[in-house]
Amino acid sequence: MTREIKYYEALREAQAQCLESDRDVVVMGLGVPGPTGVFGTTKNLVDDYGPDRVFDMPSSENAMTGMLLGASSNGMRPIMVHMRVDFAVLSMEPLVNQAAKWHYMYGGKMRAPLTVRMIIGQGWGQGPQHSQALQAWFAHIPGLKVIMPTTAHDAKGMLISAVRDDAPVISIEHRWLYGVSGAVPEEMYETPIGKARIMRPGKDVTIVAASYASLLALRAAEMLADAGIDAEVLDLRTITPLDRESIVASVRKTGRLVVADTGTAEFGISAEIVCAAVEGASESLKSAPRRIGLPSVPTPTSPALSEHFYPRAIHIAEAAAATLGTKVQLTEPATGKWHDVPDPSFTGPY
Amino acid sequence: MTREIKYYEALREAQAQCLESDRDVVVMGLGVPGPTGVFGTTKNLVDDYGPDRVFDMPSSENAMTGMLLGASSNGMRPIMVHMRVDFAVLSMEPLVNQAAKWHYMYGGKMRAPLTVRMIIGQGWGQGPQHSQALQAWFAHIPGLKVIMPTTAHDAKGMLISAVRDDAPVISIEHRWLYGVSGAVPEEMYETPIGKARIMRPGKDVTIVAASYASLLALRAAEMLADAGIDAEVLDLRTITPLDRESIVASVRKTGRLVVADTGTAEFGISAEIVCAAVEGASESLKSAPRRIGLPSVPTPTSPALSEHFYPRAIHIAEAAAATLGTKVQLTEPATGKWHDVPDPSFTGPY
Amino acid sequence: MTPEAAIGGNARPEVEIRQELYRSMLRTRRVEEAIVDRYAEQEMRCPVHICIGQEAPPTGVSAHLQKQDHVYSAHRSHGHYLAKGGDMPAMIAEIYGKADGCAVGKGGSQHLIDLDAGFICSAPILASTISVGVGDAWAARRRGEDRVIVIYFGDGSTEEGAFHEAMNFAGVNKLPVVFVCENNLYSVHTLLEARQPENQTVRRLGPPNGMESFDGDGNDVEEVWRLAEYAVNKARNGGGPTLLEFHTYRWMEHCGPLDDTHLGYRSAEELESWKARCPVDNYRDRLIEDGSVDQAWLDSEESTLHKEIEAAFTAAQNGPFPNAEELFRHVYPE
Amino acid sequence: MTPEAAIGGNARPEVEIRQELYRSMLRTRRVEEAIVDRYAEQEMRCPVHICIGQEAPPTGVSAHLQKQDHVYSAHRSHGHYLAKGGDMPAMIAEIYGKADGCAVGKGGSQHLIDLDAGFICSAPILASTISVGVGDAWAARRRGEDRVIVIYFGDGSTEEGAFHEAMNFAGVNKLPVVFVCENNLYSVHTLLEARQPENQTVRRLGPPNGMESFDGDGNDVEEVWRLAEYAVNKARNGGGPTLLEFHTYRWMEHCGPLDDTHLGYRSAEELESWKARCPVDNYRDRLIEDGSVDQAWLDSEESTLHKEIEAAFTAAQNGPFPNAEELFRHVYPE
Ligand SMILES: Cc1ncc(C[n+]2csc(CCOP(=O)(O)OP(=O)(O)O)c2C)c(N)n1
Ligand SMILES: Cc1ncc(C[n+]2csc(CCOP(=O)(O)OP(=O)(O)O)c2C)c(N)n1
Ligand SMILES: [Mg+2]
Ligand SMILES: [Mg+2]
C-alpha cells in the first residue's frame, strides 16, 4: 500500500531528505525557517537541520541569488525559495546573465548546482503583481533547466533530481497543486529531468500540458470521455530541456493537439510546443493545434474579472473537441460560487 | 530626391525632433550625453537641449527605470537608453511588474508613456553577457509594446510613434543595422506601431523576420531569386501587438513559411509567429514552417565559435528552399575572413 | 529650526491640529477594524495588510501636506491612503473587487490610487514604488510644479538594492522628497537583527546617500508631526530630501485580519507592551488631559465615523462587480 | 594594529617583498602594453578593458593572499588575474579566442578564470560578481574552509543596488571578505560627481553595512599593501569584512587600447598629472633610491618578462581555434 501525501508535503520531504543526505544542501528564502514555512513546504526544517542550513534572508533577491550562485560553485547545493515568481523578477540578472551561462562561459570550469523554487499561483485577488507565471522566460534562456512537476510524486522526485543536477534548475510550482494528494514513496528517489509522461493514454487528441494545467487537462479528458472522445494527456514535467520526442510521438498517434499552460499564451511556452509538433509531426496533424492559456492581459484582482481570465478544464475540452471538428455536448461539473480558490474549503487570504 | 541617412542617424534625428517639439521629452542613459553618444544615436543632443533634458545616470538600471516611470506618469515622455539589453535585465522589475501593468492595474487612471531603447547586437567577441536578444521576454508581457525597426525610415518613424504612445514601448535596435543607410524624410513623421510591412513581395514562400534578421531575409530572397524561387519578405517591425493578419495573409498567399529572428529560437518569438500562421492559415500551409534563430547555447566569444553560432542569409535561404521541397543550388556571396563584424571596414572594439 | 530642537523642545500643534491628528488616526483605526471584523465573511477576496498600531506616521506626515503633494506607498497602504485624504468608499469598494473601486476592482487592496487626493499609488513589490516617487519629484522640479513627494516603506524594503539606488539619485539631485520608513521591527516574521547590521537603525542610510536623516517615536503622532514639519518644509523650500524613520509596531498578522502571536515568532508580551503604547488611545488620553478634547467631542467623532464606515461597507457590498468586458480594457491606453 | 597606525607609521615591507611588488606591477604593465601594441592587428577580437595606471591595488592586495584565497573581478580584470598568479599565456590565448584560452575561448577578456590560482572569475556586468564572491565566503565559512575572498570593483559598480545588498549580507554575517574598490573617478566617460553625492568617497558605504572601511592612495603600492594587510588578516582571523577604497586612475580609453583625451571628457593635463604619479615608475625610483633594487636587477626583470610575454603572444597567435563542435559543449554540465 503506497502512502498518499500532499504535494507540499512531498516538496518538504524532498528537501528534508536532501538536507539529511548531503551536508552541502541548504535551503534559503524569505520565510523559509519561519512559522508558516513557505506554505508548509519548509515548515520545521530548521528544527531538524539548524539555522545554518535552513535560513531566512534580507529582502535582497538579486544579491542573495548571486550569493547562492557563489556558494554553489564552491561546493554547496543550495535551494532558494521565492514565495512568488514576481519577486524573483529582481533576480533575473544573476540567474540569466550569470548562473545560466556559468558552466559555458568559463569553458566548463565552473558549475552552478543551484535550485531555485518559484511559486506561481492564482486566485484570491493575488492580482497583477502576485500571480505571474514566467516559465517562458526561463525556458528561453540556454543553460537553465526548468521543471514544473504536476503530481506529488514528481514534485518530490524532480526536486531531488534538481538538487543533484549540476546545472541551475528553476522549479516552478503552482500553489493550487499544493493541496493535491498522491502516492509518494517514502524513500529518496529521482524523477528524471527532461522526460514527459503520459498521464492518460488516448487516441483521438493529444493534450500537452504542465503543472496545474495538466490537472485541468485530466479533468478535460474526463469530460471528453463522457462525450466519447479519447484524449491523451501528456504531462510535460520539464519545460527545458523539452522532451520533443514524446510530444511528436503522441501527436503522430492522435493527429491532433491542444496545449494548455498556466501562463500567458502569447509568446509563451505553448507556442514552442506547437512548434515542436509542427516541426516534428506536421504530416500527422489532421487539424490545426490549439492553445489554451491566459489572455494577454495583466491579472485582474476582482474575482468577477479573474473568473473570466483563467481558463478552466471545460475550455481545454472545448478546444480538444474543436480539433476533431465534431460538435459534442460537454458538461462542466458544478463549480462553487467562487472561481478564485482551488477548492471550496479554502479561506483567504494567502 | 529623398535624403539617405544611416539608421543611427535616423534614431538621433527622431530623438532630436521629439526633444524639439515636446518640452516633456527627455533622454537618459549611461553615456547618453557623453562624447560618443551611445554609438552616435544621442551624440551632441546635450548641446542643443541641455543637460537637464539629455543626461547621464548612475549605474542603477533598476531605480532609474522606476524613476522615469514616475516621471512618465507625471507629465513627462522620457526615453531611456541601454547600450546593451543585458544591462536592462536589471530593470525587469520596474518594467514588467510595474510599467507594463501601470495603466491596467490602476483601472486606467495611470499612464506610462515611457520609451526604453535597448540595443542588441553580435560580433567582435561581445560574448555571453553582451549580446543577448531578449525580445521574447518583453513580447510575453501584456501591457508592453515591442518594436524592432529594420530600416532607417522605420527607425525614425517608429521611435517617434513610441515616444508619442501612451503605453510603455520597448525599442529593440540591432547594432548591425546602425551603419545601414536608407531614405529618411527630414520632417517629423510617425510609422505606426502594430503594422508589419512587405519588404519584398513574392509568391512561393513567406519569410517573416524582424530587425537585422529582416536584412538577412532580403539577402536570402535574392539568393532564392537567383535559384528561381520567389520569396516574400514580411518585416514585422512590431513584435507586440503582433500583426497577425499580415502574417496570415502572406502565408495564405504563398502557402509556405520561414521565420527568422536574431534571438534564441527555442521559446522565442519565432514560435509565436509559427503559431500565428498555424492558427490562422493552417489550411493554406503546404509544408511545415521552419525557424531560423540562435541555437540554445550562450553566445561564445571566440570568432571561431560565433561564426557557427549566428545564422547567415544562406541559412534562411536554405530553409526557404526546404519548405518548397525542391533541391536548388544556392550561392552565398563571398564573405570576408571574419564573420564577427557587420562589414569588413569595421575595426574593434565596440 | 532643526528637528532636534523641535523634539527637544515641546512645541505642540494648535488645538485644532491636535483634534485633526486624532480624528485622522481614529478614522484609519476604525476603518481597519471594520475590515478585520468582516474579513471572515470571505467577501473581501484579496490580501489585506492591516496597519493597526501604525496610524501615527501617515497622520503626522499628512498634516503638513497639501492637496497637490503626492504620496507613494507599498503593501501596507490603507493608512497612507486615508491620511492623505483618499476616498474611503472607493477604497472599500476596491477591496471588495467592485466596479466603484478606486481601480475598478483591478487592483484590490494592494493597488490603491486616488489621484485627486494626491495619493498616487501603492504596490506590493518591496521598494518598487520608491524610485517611482523619486521620478515624480524629478518631474515636478523639471516642469516647475510645486509639490512635495512623500514615499512610505517598511524596514524590509530598505534591504532591496532598488531602495539604495533611488535614495542615491534623490540625494545627488536634491529632490523634494520625504522618505518615510515605518520600522515595525519585522519583515513578515523575521526580526530586523537577522537582516541588517546589529545596533543600527534605518536612519543610517540617509547620509551615505547625501541626505539628512532622523528617527523618532512612530507611536507619538506629535513627534511625527514635528519631524515631518521639518522635512516637508525643507523639501518644499528646495532643501532636498530627508529620510525619516519611525519606530512603530504592527498589531495584526502580516497579511490578514488575525492576531498571530500563536505562530511564536513574536511573543504575546511584546505585542501587549506595544498595545500599551497605542498611538490612538494614548493620544486621546493626552488630549483629554490637556483639555484639547472632551468626551462629547470624542463621542460625536466616533458616531460620525461609524456612520461613514457603515455606509461605505454597505455601498461596497451592494455595489456591482465590474462586467466581464472590463477584463480586456486598459491593457493599452486609448 | 589599526590601518591608520600602519599608514601613519612608515612600516615598510621587507626588501624581497618590495621587489615582488614591483615585479608584479611591472608584469601587469608590460602585458597590458603588449595588448595595447597589438590590438590594432585585429586578432584579439573581443573588448579589452586595459588597467594601465591601476596596477598597484591588485598587487598590494595579492601580496597578502595565499593560493587558496579567492579573487573575483569585473570587466577591468587583467591586473587582478595576473596579480593573483593567473596563468598569463592562458589569458592571452583567451583574448585571442583560442582553444588554449583559460575559458577555451568562450569567454574572452571579460571572462577570465584560473581556479588553480584562486582567480575565480571576472564578468562584465557591473556589480554582478560581488554577491557571488560573498557567497563563496559564506560557503567557505559553512564548510570550514580557510580562505579569504577578495572582490574587486570600480566606483561605478557601487551605484548598483546589488552592491548594497551584497555588502549588507556580508556585514550582517561577518564574512571573510575584503571588498576592494578601485576608484578611478570615472564610469566610462562620466565623473563621480554626476553619479554620487558630492564630497563623499565610496568608503562611506562600509559602516552602514556593518563593516569598517578605509581609503588610501591607489597609486602607492605600499599604502595598498599596508591597508590590505590589515583587512586580509582581519578576514582570515574571523574579524569580518572590510571595504577598502583606492584612489587611482585609468590611462587608456575605457574599452580598447587607445588614448582618449581627444573625446574631451577628461583633459590631457589631468591624464598627465596622473601619469606623473605612475605607480610603477615611481615605485621603481623609490626602490632604486632606497637601495632595494639596482639597474642590473631591473634590466634582468625586464628581459625575463619580455621573453615570457613574447612567448605567450606567439603561442596564442599560433595556437588553434576551438573546433566548431565546441560551440555545443558545456551548455549543461555532464
Ligand atoms: C520584492 C519582494 N520580495 C518579497 C516580498 C514579500 N513580502 C511582502 S511584505 C514583506 C515584508 C516587508 O516588510 P516591511 O518592508 O518591513 O513592511 P511591513 O510588512 O513590516 O509593513 C515581504 C517580504 C515582496 N512583496 N516583494
Ligand atoms: C549593469 C551594467 N550597466 C552598465 C554597464 C556598462 N559599463 C561597462 S563598464 C562601465 C563603467 C564602470 O565604471 P567603474 O565601475 O568605475 O569601473 P572602471 O571602468 O572605471 O574600471 C559601464 C557603465 C555594464 N557593464 N553593466
Ligand atoms: Mg516591517
Ligand atoms: Mg571607475
Side-chain angles (χ1 to χ4, degrees), chain A residues 61-62 86-87 89-90 92-93 95-98 100-101 103-105 127-129 132 134-143 239-242 263-283 285 287-291 294-301, chain B residues 61-62 86-87 89-90 92-93 95-98 100-101 103-105 127-129 132 134-143 239-242 263-283 285 287-291 294-301:
Chain A
E61 285 83 358
N62 180 326
D86 316 69
F87 310 153
V89 169
L90 284 160
M92 289 300 133
E93 200 288 309
L95 277 180
V96 165
N97 285 346
Q98 307 294 356
K101 303 167 174 56
H103 189 61
Y104 192 87
M105 74 188 169
Q129 298 184 331
Q132 291 171 88
L134 297 174
Q135 47 269 31
W137 275 22
F138 300 106
H140 186 53
I141 303 300
I239 310 303
T240 42
L242 184 63
T264 303
E266 267 198 300
F267 299 93
I269 65 164
S270 55
E272 184 66 32
I273 293 153
V274 169
C275 279
V278 165
E279 287 166 354
S282 71
E283 64 306 326
L285 275 170
S287 64
R290 294 182 175 240
R291 293 182 288 166
L294 303 178
S296 291
V297 165
T299 313
T301 299
Chain B
E61 285 82 359
N62 180 326
D86 315 69
F87 310 154
V89 169
L90 284 160
M92 289 300 131
E93 200 287 309
L95 276 181
V96 164
N97 285 346
Q98 307 293 357
K101 304 168 173 54
H103 189 60
Y104 192 87
M105 74 188 169
Q129 298 184 330
Q132 291 171 90
L134 296 174
Q135 47 268 31
W137 275 23
F138 300 107
H140 187 52
I141 303 300
I239 311 303
T240 43
L242 184 62
T264 303
E266 268 200 298
F267 298 93
I269 63 164
S270 56
E272 183 65 34
I273 293 154
V274 169
C275 279
V278 166
E279 288 166 355
S282 71
E283 64 304 328
L285 274 170
S287 64
R290 294 181 175 241
R291 294 183 288 166
L294 303 179
S296 291
V297 165
T299 313
T301 300

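Fair warning: this is a prediction, and the values are worked out from it, not measured in the lab. Residue numbers begin at 1 in each chain, while the letters A, B, ... track the order of the sequences.
With a 4.5 angstrom heavy-atom cutoff, B:Thr240 touches chain A only via side-chain atoms. Of the two parts of A:Ala276, neither the backbone nor the side chain holds a non-hydrogen atom closer than 4.5 Å to a non-hydrogen atom of chain B.
For the options B:Arg290, B:Met92, B:Glu266, B:Met105, heavy-atom pairs under 4.5 Å to chain A are most numerous at B:Glu266. When each of B:Ile239, B:Val297, B:Ile273 is scored by its heavy-atom pairs under 4.5 Å with chain A, the top score falls to B:Val297. Note: B:Cys275 leads B:Cys275, B:Gly263, B:Ala288, B:Pro300 in heavy-atom pairs under 4.5 Å with chain A. Chain A forms more heavy-atom pairs under 4.5 Å with one residue of B:Asn97, B:Val96, B:Val274 than with any other, namely B:Asn97. When A:Gln98, A:His140, A:Glu93 are compared by the number of non-hydrogen pairs under 4.5 Å with chain B, A:His140 comes out ahead. Of the listed residues (B:Pro241, B:Gly268, B:Gly127), the greatest number of heavy-atom pairs within a distance under 4.5 Å of chain A belongs to B:Gly268. Note: A:Ile141 leads A:Thr301, A:Ile141, A:Leu242 in heavy-atom pairs under 4.5 Å with chain B. Per-residue counts of heavy-atom pairs under 4.5 Å with chain B were compared for A:Pro128, A:Pro289, A:Pro142; the largest is that of A:Pro142. The choice from A:Val278, A:Leu134, A:Leu285 that makes the most heavy-atom pairs within less than 4.5 Å of chain B is A:Val278. Interface summary for chain A: among B:Thr299, B:Ile269, B:Asn62, the most heavy-atom pairs under 4.5 angstrom belong to B:Ile269.
In this model, a donor atom of one side chain and an acceptor atom of the other lie less than 3.5 Å apart for B:Asp86 and B:Gln132.
A donor-acceptor pair is defined here as one N or O able to donate and one able to accept, closer than 3.5 Å; such a pair exists between the side chain of A:Arg291 and the backbone of A:Ala265.
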